[in-house]
There are 2 protein chains.
Amino acid sequence: MTSKQRADANTDLDVDDLTRAIENFNRYYIRLPAVQKLSFTTLSVLDTLAYGGPKRLTELARTEQISQPGLTQLVTRLERDGLVERHPDPADGRAVLVHVTGSGRRIGQARREDRGRHLLPLIAQLTPAEQQAIAAALPALTRLAELGTEAGTAGPEAGR
Amino acid sequence: MTSKQRADANTDLDVDDLTRAIENFNRYYIRLPAVQKLSFTTLSVLDTLAYGGPKRLTELARTEQISQPGLTQLVTRLERDGLVERHPDPADGRAVLVHVTGSGRRIGQARREDRGRHLLPLIAQLTPAEQQAIAAALPALTRLAELGTEAGTAGPEAGR
DNA sequence: CAGACTTATATAAGATACTTATGGATCACG
DNA sequence: CGTGATCCATAAGTATCTTATATAAGTCTG
């Protein structure tokens, strides 16, 4: 429970500490605003498309961890609401490329801004040193996420 | 879009940078393992109870942002599976205190460990400086989350 | 270049987990 | 004590997922 192995107490990042901190933070962060009542999956798809560009249905279903029919239906709903569009893939007649629209992009943005508004007063309560520490960690955190998504995309994956 | 206001480029933490980094990370992190197929809400409830101790149904419903009947049903399922228990509140005959059981606690733990296993090889690819930066930010991140949950619990909340 | 196989999406039927509306029991207060 | 508020449970309806299956396009082989 308490005895963790680290090569160097000063250099090494303890994974358990990281996951615990992230989950504690997320427990608060994820349910911040309910301005618009959209499901978790819905928001994630919009965000994935906004960040990574148009994607095939199959690819989205994999990354979002829902079934392909489930994603087809989700995209149908999103398309009906004008948040995404289906475009044929010029390189493959079977495939559909899902594009996020301006409205769809705005939803994710609005949500992020809303969360920012909630966090701002809390951040103000942190000491300058704490603020600095978080700011200094963000590039590394971003890179960590990139390493993860790259590996997940490239890897053949052992199995479900 | 690009011009952000900061009092001091070195000291201040830009909120937009933080939310963006967190969301990028979460997009990868949240869907890491599918070892056990439990819904997002289910895991969150178990985690909340494991971290914060027994809670009333109403209180849980508020923090988890689902309706009270929805939570009653969820707790019923969890109780059936031996992950939580209902205990009467000695101080209030109407209330029910939801306790997480050992099994319930273990589920959250297993998931966290599983995520740790996924992150470990990625962390190894970071530079020592990057690892250090993240490690140094964790206490501040934890405190930020605490400030948030405290405020959320105490505050009268303007409205939905 | 025809047939068999694979891949990409869609549809259908069913299961699950949520929602709103409502009821019964306990508490707080005058 | 009786009136209103609070806490939880039940009921009925809806939304969103699942598995199974169909259709169409690409690929590969002889």
Side-chain angles (χ1 to χ4, degrees), chain A residues 30-31 34-49 54-81 83-99 104 107 153 156-157 159-160, chain B residues 30-31 34-49 54-81 83-99 104 107 153 156-157 159-160:
Chain A
I30 283 185
R31 25 185 136 264
V35 177
Q36 255 177 321
K37 266 303 180 195
L38 292 170
S39 84
F40 181 73
T41 311
T42 302
L43 287 164
S44 181
V45 165
L46 291 177
D47 202 38
T48 300
L49 290 175
K55 297 231 177 316
R56 292 185 170 195
L57 271 173
T58 313
E59 192 181 348
L60 269 179
R62 242 196 329 263
T63 63
E64 305 297 325
Q65 298 207 7
I66 72 173
S67 67
Q68 174 266 311
L71 191 81
T72 291
Q73 295 163 359
L74 174 56
V75 167
T76 302
R77 291 193 299 272
L78 290 176
E79 194 171 30
R80 181 201 57 198
D81 297 343
L83 304 181
V84 304
E85 284 171 0
R86 277 182 233 244
H87 292 289
D89 184 344
D92 188 338
R94 301 165 299 177
V96 167
L97 288 179
V98 185
H99 292 248
I107 283 183
T153 308
E157 207 61 11
R160 321 209 78 186
Chain B
I30 282 185
R31 24 183 141 267
V35 177
Q36 256 177 321
K37 266 305 179 195
L38 293 170
S39 86
F40 181 72
T41 311
T42 301
L43 288 164
S44 182
V45 166
L46 291 177
D47 202 38
T48 301
L49 290 175
K55 297 230 178 318
R56 292 185 169 196
L57 270 173
T58 312
E59 193 181 348
L60 269 179
R62 244 196 326 265
T63 64
E64 304 297 325
Q65 298 207 3
I66 72 175
S67 66
Q68 174 266 312
L71 192 81
T72 291
Q73 295 163 359
L74 174 56
V75 167
T76 302
R77 291 192 300 270
L78 291 176
E79 195 171 29
R80 182 201 58 197
D81 296 344
L83 304 181
V84 304
E85 285 171 359
R86 275 182 235 244
H87 293 289
D89 185 344
D92 188 338
R94 302 165 296 176
V96 166
L97 288 179
V98 185
H99 291 248
I107 282 183
T153 308
E157 205 62 9
R160 322 208 76 188

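Below, each value reflects all heavy atoms present in this structure, side chains not excepted, and no hydrogens, waters or symmetry copies. Letters go in sequence order (proteins before strands), and every chain restarts at 1.
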Extract from the structure each pairing of a protein N or O with an N or O of nucleotides 17-19 of chain C at less than 3.5 Å, listing the distance.
residue: C:dC18; atom: OP1; partner: B:Thr41; partner atom: OG1; Å: 3.4
residue: C:dC18; atom: OP2; partner: B:Arg77; partner atom: NH2; Å: 2.5
residue: C:dT19; atom: OP2; partner: B:Ser67; partner atom: N; Å: 2.9
residue: C:dT19; atom: OP2; partner: B:Ser67; partner atom: OG; Å: 2.6
residue: C:dT19; atom: O4; partner: B:Gln73; partner atom: NE2; Å: 3.2

Q: To the nearest 0.5 angstrom, please state how far the CD atom of B:Glu64 sits from the CG atom of B:Leu74.
A: 8.5 Å
Q.
Could you tell me if the side chain of A:Arg56 sits less than 4.5 Å from the side chain of A:Leu97, heavy atoms only?
A. yes
Q. For A:Thr72 and C:dA10, is the shortest distance between a side-chain N/O and OP1 or OP2 below 4.0 Å?
A. yes
Q: Return the value, rounded to whole Å, for the distance between atom CG of B:Asp89 and atom C1' of D:dT6.
A: 13 Å
Q: Please name the pair of heavy atoms, one in B:Leu57 and one in B:Leu71, separated by the smallest distance, quoted to 0.1 Å.
A: O-CD2, 3.1 Å
Q: Mind calculating the distance between CD (A:Glu64) and P (D:dT16) to the nearest angstrom?
A: 16 Å
(Q) Would you compute the distance between atom CD of B:Gln68 and atom OG1 of B:Thr72 and round it to the nearest 0.5 angstrom? (A) 4.0 Å
Q. Rounded to the nearest Å, what distance is computed from the CG atom of residue B:Leu60 to the P atom of nucleotide D:dA9?
A. 12 Å
(Q) What is the distance, to the nearest angstrom, from the CG atom on B:Leu38 to the P atom on D:dC17? (A) 17 Å
Q: Between B:Arg56 and B:Thr76, just flag the one whose closest nucleotide in DNA chain D comes earlier from the 5' side.
A: B:Arg56
Q) Between A:Val84 and A:Leu46, which heavy-atom pair has the shortest distance, and what is it? A) CG1-CD2, 3.8 Å
(Q) Ignoring hydrogens, what is the shortest heavy-atom contact between A:His99 and A:His87? Give both atom names and the distance. (A) CD2-CD2, 2.9 Å
**Q.** Atom-pair distance (CG on A:Leu43; C1' on D:dT16), nearest Å
**A.** 14 Å
Heteroatom pairs (N/O) under 3.5 angstrom, protein to nucleotides 27-30 of chain C:
residue: C:dC27; atom: OP1; partner: B:Gly93; partner atom: N; Å: 2.6

Q. Looking at A:Arg86, does any N or O in its side chain come under 4.0 Å of the phosphate oxygens OP1/OP2 on C:dA10?
A. yes
Q: Measure from CZ on A:Phe40 to C1' on D:dA15 and round the result to the nearest Å.
A: 18 Å
Q) Between the side chains of B:Glu59 and B:Thr63, does any donor sit under 3.5 Å from an acceptor? A) no
Q.
Quick one, B:Leu60 and B:Leu49 - any side-chain contact, counting heavy atoms below 4.5 Å?
A. yes
Q) Of all residues at least two apart in sequence or in a different chain, which pass the side-chain hydrogen bond (donor to acceptor under 3.5 Å, both in side chains) check with A:Ser39? A) A:Thr42
